[in-house]
2 protein chains.
Amino acid sequence: MKAKPPPDRRRYQARARIAKAMAHPSRLLMLEAMEAGERCVCELTELVGADQSTVSKHLAVLKQAGLVEDRKEGVMVFYRVKVCCLKGFWDCIEGVLAENLKAQRAALR
Amino acid sequence: MKAKPPPDRRRYQARARIAKAMAHPSRLLMLEAMEAGERCVCELTELVGADQSTVSKHLAVLKQAGLVEDRKEGVMVFYRVKVCCLKGFWDCIEGVLAENLKAQRAALR
DNA sequence: AACATATATGGCTACATGGCCATATTGGCA
DNA sequence: TGCCAATATGGCCATGTAGCCATATATGTT
């Protein structure tokens with residue numbers, strides 16, 4: 001028997017993969033756009049204003065992480081979000097951070 | 001008037017800062033440990049099994065992102081989680097990914 | 001004061017990431 | 001078949017990140 005079971009490192013690696021995929025402004029922007037409905041690469045490219053190859057690589061990152069999936073239609077590829085957890089999370093985070101800011105300001109008096 | 005209002009890039013940069021802070025297995029492990037109650041650096045150092053200076057830097061990243069706060073007590077410093085959004089998020093993500101896996105396997109028949 | 005302990009910081013190295021350009025690939029159309 | 005448009009991939013460079021060691025800082029103890 002062990003005094004301390006070692007932490008399940010695989011789980012945290014898996015989570016880190018998700019978090020890393022989210023850890024870029026352009027990818028977050030694209031995720032939010034895709035939450036309103038699927039988007040082709042060309043739309044997303046225009047949206048973020050980077051090179052098409054850059055956007056393609058960002059999408060590959062999101063897909064690899066399992067956050068989005070794609071659908072080919074002729075020459076175009078449409079991506080859409082595969083998880084429903086994002087909006088709730090960001091709403092929560094932004095709510096909390098706004099609270100903290102307010103409390104911080106109030107404490108200055 | 002504009003046809004397309006440009007996306008609010010600051011918001012996505014702010015979100016990316018949060019996601020980046022979460023984007024490391026050791027930091028996620030520490031966050032989860034701290035959710036059960038505050039922890040001193042020494043405990044967290046033992047938990048992740050890395051150099052103390054490494055852990056200290058990880059904690060600085062989390063603090064900088066606003067995810068944790070610290071409290072000094074004598075020589076020791078205790079860190080604790082400052083946002084409540086994490087557990088719900090990871091539960092959601094892990095649930096969805098497990099679902100996807102199940103569906104994937106079922107589709108193989 | 002001298003010392004020991006807990007934590008933070010600076011320095012360095014190795015590796016990962018993001019960007020663009022050029023190019024390959026795939027599908028539609030003349 | 002040949003060409004154009006949409007997307008993906010490879011190459012390269014600049015920058016960022018994570019790790020350890022050494023050391024600084026701060027606090028409690030003798």
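Order of the sequence lines sets the chain letters (A, B, ...), proteins ahead of strands, with each chain counted from 1. The analysis underlying the following values was restricted to heavy atoms, covering all of them including side chains, and did not include hydrogens, waters or symmetry mates. Because the structure is predicted, anything quoted here is derived from the model rather than measured.
- Interface residues of residues 29-39 of chain A facing DNA chain D, ordered by number: none; criterion, heavy-atom separation under 4.0 Å.
- If you take CD of A:Gln64 and C1' of C:dA16, they are 15 Å apart, rounded to a whole angstrom.
- Rounded to a whole Å, the CD atom of B:Gln52 is 11 Å from the P atom of C:dT9.
- Under the 4.0 Å criterion applied to side-chain N and carboxylate O atoms, A:Arg71 and A:Glu38 are assigned as salt-bridge partners.
- As rounded to whole Å, 14 Å separates atom C1' of D:dA6 from atom CZ of A:Arg71.
- Comparing D:dC20, C:dG18, C:dC21 by their nearest atom to the side chain of A:His24 picks out C:dG18.
- Between A:His58 and C:dG19 there is a side-chain polar atom (N or O) within less than 4.0 angstrom of OP1 or OP2.
- No contact: A:Phe78 has no heavy atom under 4.0 Å from any strand.
- The side chain of B:Val75 has C:dA6 as its nearest neighbour among D:dG19, D:dT9, C:dA6.
- Not one side-chain nitrogen or oxygen of B:Lys72 sits closer than 4.0 Å to the OP1 or OP2 atom of C:dT7.
- Neither OP1 nor OP2 of C:dA6 sits under 4.0 Å from any side-chain N or O of B:Tyr79.
- Close to D:dA18, at under 4.0 Å from its OP1 or OP2, lies no side-chain N or O of B:Thr54.
- Nucleotide D:dG11 holds its P atom 17 Å from the CG atom of A:Asp51, rounded to whole Å.
- Counting to the nearest Å, the P atom of C:dG11 and the NZ atom of B:Lys57 are 10 Å from each other.
- In A:Gln64, the CD atom is not crowded: 12 or fewer heavy atoms of neighbouring residues, nucleotides or ligands sit closer than 6.0 Å.
- Nucleotide C:dA6 holds its P atom 12 Å from the CD atom of B:Glu46, rounded to whole Å.
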